[in-house]
Amino acid sequence: MEIKPKLTLFDTAVIVVSLIVGIGIFRTPAEVAAHTGNEFSFYLVWIIGGIICLIGGLTYAEIGSRKPYAGGFYKILSECYGPAFAFMINWLGVTITAGATYAAISLIGADYLSAMLNSNFFNSPPGKKVLASAFVIFVFFINISGIKTGSVVLNIFTILKLSVIILFALIGFFIRSDAAVTPVNNAFPGETFFSGISNGLVAALFSYNGYQLSINLASDVINPKKNLPRGIIIGTVSTVIIYLLLNISDIKFAGIDGLAHSQAIAYDIGKAVFGNVGGNLISFAIVISVLGFLNVSFLYMQRTFYAMASDKVFPKSFMHLNPKTQAQEVPLIFLTVITLFFIIFQGAFGKILNLIIFNDALTIAIVASTIFIMRRKDKDYAGFRVPLYPVLPAILILSLVYISVSSFIASPLQGILSIAFFVLGYPLYRVFVKMNS
């Protein structure tokens, strides 16, 4: 059964914003401030990060428009680099990277929700695992109801989340904190101007990540050659504006030094204005952000399994579509089980952060490189084209490779384990192909 497109331009733009704007923006500004040490460098990092995000959006807009496949990552890699390599990349992505990412985000959401509940049990590690698991199960039931239901709920989550973020950003323009801030992390006095920009950019790009995943929804977008590029561009530009607005507010409220030593600047703003109620409001915003991220991730990831199963490198049951809802029950169950596994056996965001960044940045760079192959094979393509080719795609790829290498240096053991798991994908590919034949 074919997938019937149901997502409008508005749906697509909202999905892009939701993919990029996550809970990272509530923490990474402090990291950027600590590395840069002055307002000029601080804003420069966020502007550069926004430019890279926009370049990535444009690059993936052309890739997605040229190849509007269900599960675009796998299909595109398979055509450009061969099905075995595509399987190995996606095997790593749909298991380790995806499960670890969803679990880590769920656990952060559990931290904030437990603060709102103020319960001894939910403030304990087992209690937070229960809350994180509840997030995952809740999103599972949303997506099992269908692709359009998932996008409608996503729109609601995103609008609520952005409303709270913009509210705090605007409040920051009218209030300045006079309270002393207790340092929670070390500054980096030995860094030069350029190294401060470079290290700050790593943190900023973590918050800007996510735009690339929208190409997996190309088969669900109405008129993808027109609406997909527009949706990605609108979504990325909107995100840059939101981030700059929020960071200007942070600086006006706390200054560069106060921001550098603030564990949760948005919470500080909320508490300064509304007292304890403000702290609960920001916690609520983060919980909404977690649900939005999980929802859109489950929304697109099931299409990746569809593509792999259609190429006979995954069991056929992963390709089954519910004729009424257009949902894929087996992939959704599989994703839920993997995510719950990481929640139960890892239990902390910090344990798996470098693993996630190393895998994700490298994968994004590899997929982005396919644009060079597509251009060479189809020079007469009349759809959307990224401007200033090949300079812009090259900048994107080099930036992502830098992030991946930095993550590997920071945690080489996890990087080696990821590489080993990637290599393991090749014999598994052979086994699955043989089973399906």
Side-chain angles (χ1 to χ4, degrees), residues 19 22-23 70-71 73-74 86-110 125-126 128-144 147 150 209-210 213 216 290-309 313-320 327-360 362-364 414-415 417-429 431-432 435:
L19 284 168
I23 63 175
F73 271 31
Y74 174 75
F87 175 85
M88 294 165 69
I89 289 289
N90 278 273
W91 166 250
L92 183 66
V94 301
T95 53
I96 299 297
T97 308
T101 300
Y102 306 157
I105 298 299
S106 299
L107 287 164
I108 291 179
K128 290 180 180 180
K129 289 181 180 181
V130 170
L131 293 176
S133 300
F135 289 149
V136 176
I137 294 171
F138 174 66
V139 170
F140 165 77
F141 280 111
I142 288 176
N143 280 271
I144 208 73
I147 186 77
N209 189 32
L213 300 177
N216 282 316
V290 167
L291 290 173
F293 174 83
L294 290 174
N295 186 58
V296 74
S297 298
F298 274 50
L299 196 67
Y300 80 79
M301 185 58 78
Q302 57 184 304
R303 297 318 192 205
T304 298
F305 287 104
Y306 182 97
M308 296 177 76
V313 294
F314 247 64
K316 291 182 179 180
S317 57
F318 281 78
M319 192 172 60
H320 174 71
Q328 296 165 242
E329 290 91 347
V330 175
L332 288 173
I333 293 171
F334 182 71
L335 284 172
T336 301
V337 171
I338 292 176
T339 305
L340 293 176
F341 173 84
F342 275 98
I343 290 173
I344 295 170
F345 293 101
Q346 289 291 318
F349 175 78
K351 291 183 179 180
I352 50 180
L353 180 59
N354 282 316
L355 171 69
I356 295 168
I357 297 174
F358 172 72
N359 294 345
D360 213 28
L362 203 55
T363 298
I364 297 169
Q414 288 184 319
L417 289 174
S418 293
I419 293 171
F421 203 83
F422 167 76
V423 173
L424 178 64
Y426 184 76
L428 286 176
Y429 167 77
V431 169
F432 287 144
M435 288 174 57

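Contact between Ser106 and Leu294 at its shortest, heavy atoms only, is OG-CD1, 3.4 Å. The nearest pair of heavy atoms linking Ala132 to Ala110 is N-CB, 3.8 Å. Gly109 and Val290 make their closest contact through CA-CG2, 3.6 Å (heavy atoms, listed as atom of the first residue, atom of the second, distance). Minimum heavy-atom separation, Thr363 to Asn359: OG1-O, 2.9 Å. The heavy-atom pair separating Ala103 from Phe342 by the smallest distance is CB-CB, 3.4 Å. Closest heavy-atom contact between Leu335 and Thr339: O-OG1, 2.8 Å.
For the pair Asn295 (side chain) and Leu291 (backbone), a donor-acceptor distance under 3.5 Å is absent.
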**OP:** Check the pair Asn209 / Asp360 against side chain to side chain contact (heavy atoms under 4.5 Å, CB included), numbers first and verdict last.
**Re:** CA-CA 9 Å; Asn209 189 32; Asp360 213 28; 2.9 Å; yes

Original post:
Going through the checks in order, is the side chain to side chain contact (heavy atoms under 4.5 Å, CB included) test met by Ile96 and Trp91?
Top reply: CA-CA 8 Å; Ile96 299 297; Trp91 166 250; over 6 Å; no

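The distance from the CD1 atom of Ile338 to the OG1 atom of Thr95 is 6.0 Å, given to the nearest 0.5 Å. Taking CG of Leu417 as the reference point, atom CZ of Phe422 lies at 15.0 Å (rounded to 0.5 Å). Atom OH in Tyr426 sits 8.5 Å away from atom CE in Met88 (nearest 0.5 Å). Atoms OH and CD1, on Tyr102 and Ile343 in that order, are 12.5 Å from each other to the nearest 0.5 Å. Going from atom CZ of Phe298 over to atom CD1 of Ile142 covers 10.5 Å, rounded to the nearest 0.5 Å. Going from atom CG of Asn90 over to atom OH of Tyr429 covers 12.0 Å, rounded to the nearest 0.5 Å.
Ring-plane geometry between Phe432 and Phe87 is classed as perpendicular, the angle between the planes exceeding 60 degrees on a 0 to 90 degree scale with a lower cut at 30. Using a 30° and 60° split on the angle between ring planes, Phe305 and Phe334 fall in the perpendicular class, above 60°.
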